[in-house]
Amino acid sequence: MIGNVLSTLEENGFKVYPDSLMKLGENIYIFVVKRQNEKMVGILSSSDVKLNGAYFSEDKNVSDKLRLNIYPFTFENYVTLNGKFHIGPTVCRGNSSFGTGDRLGLVTAAQLTALKKYDVFPILAQQSPRELIKTNRDFKDVLLKVVLGVLETGYIGHFGADADHIKDEYYLLEGINAGYTMYTLDLSEQLIDISSLNPSEMRNEAQKLSQISKDIIKDFSGKRLDVIEGGYVVSEEELYKSAVAYENAMKFVDKVNNILKEKLSDFDMEISIDEGGKVTTLEDHLYVAEYLHRNGIDFFSIAPKFPGEFEKAVDYIGDLDEFSLELKKHYQLSRMIGGYKISLHSGSDKFSIYRIFSDITEKNFHIKTSGTSWLQAINLIYNYDKEFYRELYKIALENLEESKKSYKVLIKREDFCKEPELNNPKFILKPEIKQLFHISFGVLLDLKRKEIVDFLNKYEEEHYKMVSKNIDNHLKEIFYKN
């Protein structure tokens with residue numbers, strides 16, 4: 001009977017994703033279809049599961065019991081389905097978690113194909129306000145496309161949704177209203193730049209510290225922590241610097257935590273202290289974690305800034321021994337005072353440190369990737385339409401300086417030739433080319449969104465394979481699989 005239904009849909013111009021067919025309850029089935037590049041949900045049901053705006057309906061029952069309807073996957077319809085069948089995101093379940101992100105909203109299914117092979121909790125909806133602005137999307141649209149991708153694969157496991165790099169209440173509330181389960185707080189704009197303070201100004205700021213900050217300094221100054229062989233002695237001077245730099249940011253975290261607790265029954269909160277030029281000291285980490293604990297604020301993970309460079313789209317640049325030592329300090333401190341995860345930001349393509357990160361953290365980690373999947377779309381265009389790739393390359397190059405304003409990369413105009421090497425397959429693997437396209441998604445989508453999306457829909461199967469293989473390459477290094 002169901003086979004007849006699917007055949008009927010195909011006869012009416014729908015592409016049916018066969019893996020998506022799932023039974024949600026007694027005589028209730030859901031599946032995903034696509035028509036004219038729009039993905040929708042099909043409901044095959046005998047009960048009163050009615051959504052809004054039916055796109056296609058069978059005038060007669062497809063059997064004695066079941067009726068078929070195809071609906072647009074609007075946010076209102078998602079809320080209805082999630083209320084009945086819990087198809088949305090949850091808080092993290094598991095020690096290891098991995099965030100992907102999908103700037104186009106097209107490849108969650110491909111990412112899941114790789115992720116579901118590993119013992120890792122997938123954070124599938126992962127976008128920052130900066131990315132939302134550049135892609136002309138919002139948190140609701142990101143989540144809708146992710147849930148469609150989840151349904152498309154027939155995946156029945158849990159997954160998360162990360163409102164990334166939250167700096168203000170506006171986007172915090174937007175994430176809450178969309179139903180996100182993880183909130184990454186970017187503290188970069190709340191910090192005091194202590195490098196600009198002279199000794200007198202530093203003393204004045206230290207005198208203004210709250211009692212809780214002074215207590216942390218008193219309790220830990222000179223204390224030996226067993227975070228590395230031989231121990232680490234906490235510096236009073238460095239703790240004062242940390243308190244002056246971070247106390248105002250802690251007030252922001254407290255405000256956000258209160259809003260989240262008021263509006264949500266459960267959530268994961270990550271503290272991002274990896275922005276800016278300063279490498280996170282152990283005192284910085286200790287101060288932040290202790291301040292939050294003493295104020296009764298629970299958090300999912302902390303993202304320190306490690307030594308070395310974590311530029312977009314390329315491998316780690318730095319001393320691996322130094323990175324390993326600092327990671328060990330931060331991880332052991334997290335075990336000692338709280339048991340939260342250590343998070344790695346800008347984690348795409350950092351192949352030289354994945355095993356180090358996995359080993360030292362004992363797989364208690366969160367890793368964020370994002371633009372690496374977008375690059376697979378560009379690579380696909382290179383493979384199948386060289387002239388279109390040439391056009392995108394020139395747009396990206398013309399807008400390089402503007403694109404660089406949002407990302408820390410070292411590429412400059414003179415690194416590039418006027419014309420791409422269209423007959424050199426290794427061209428797209430050059431670090432500067434990967435970085436160019438990684439940071440140029442905003443302007444390319446502004447000018448060529450329809451053409452890009454149409455192309456990727458035309459080559460959807462090939463696109464999925466490339467994205468899945470790329471994510472799998474990341475995970476194989478992290479989990480030591482061949």
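Residues Asn69 and Leu51 are not in side-chain contact: their nearest non-hydrogen atoms beyond the backbone lie 4.5 Å or more apart. With a 4.5 Å cut-off on side-chain heavy atoms, Asp141 and Phe139 do not count as touching. Phe267 places a side-chain heavy atom less than 4.5 Å from the side chain of Asn257.
Classification of the Tyr389-Tyr382 ring pair by plane angle, with boundaries at 30° and 60°, yields perpendicular. Relative ring orientation between His285 and Tyr340 is described as tilted, the plane-to-plane angle lying within the 30° to 60° band. Relative orientation of the Phe479 and Phe365 rings is tilted, given thresholds of 30° and 60° on the angle between their planes.
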Give the table of side-chain donor-acceptor pairs shorter than 3.5 Å for residues 120-133, with sequence neighbours excluded, one pair per line with atom names and distance.
unit_1	atom_1	unit_2	atom_2	d
Gln126	NE2	Thr369	O	2.6
Ser128	OG	Glu131	N	3.2
Ser128	OG	Glu131	OE1	3.4
Arg130	NH1	Ser406	O	2.5
Glu131	OE1	Ser128	N	3.0
Glu131	OE2	Arg103	NH2	3.3
Glu131	OE2	Ser370	OG	3.3

| said: The test is ring pair (Phe, Tyr, Trp, His ring centres under 6.0 Å); show your working for His165 and His345 and say whether it passes. | reply: CA-CA 11 Å; His165 284 283; His345 287 194; 5.7 Å; yes
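Both the sub-6.0 Å distance and the 45° axial angle are not jointly satisfied by Lys341 relative to the ring of Phe357. For the pair Lys312 and Tyr407, the NZ or CZ position fails the cation-pi test of under 6.0 Å to the six-membered ring centre and within 45 degrees of the ring normal.
In the model, Tyr331 has a side-chain atom that pairs as donor or acceptor with a side-chain atom of Asn364 under 3.5 Å. Donor-acceptor pairing under 3.5 Å is recorded for the side chains of Lys368 and Thr184.
Contacts of Glu419 classified as salt bridge (charged side-chain N to carboxylate O under 4.0 Å, His left out), with partners at least two apart in sequence or in another chain: Arg390, Lys394. The salt bridge (charged side-chain N to carboxylate O under 4.0 Å, His left out) check on Asp315 picks up nothing, with sequence neighbours excluded.
The two residues Val32 and Leu148 make their nearest non-hydrogen contact at CG2-O, 4.0 Å. Heavy atoms only, all atoms of each residue included: Thr108 and Val150 are closest at CG2-N, 4.0 Å.
Partner of Tyr316 under the side chain to side chain contact (heavy atoms under 4.5 Å, CB included) criterion, chosen from Phe306, Phe323, Phe351: Phe323.
Rounding to the nearest 0.5 Å places CG of Leu327 at 8.5 Å from CD1 of Ile353.
Within a 6.0 Å radius of CG in Asn424, other residues, nucleotides and ligands contribute more than 12 heavy atoms.
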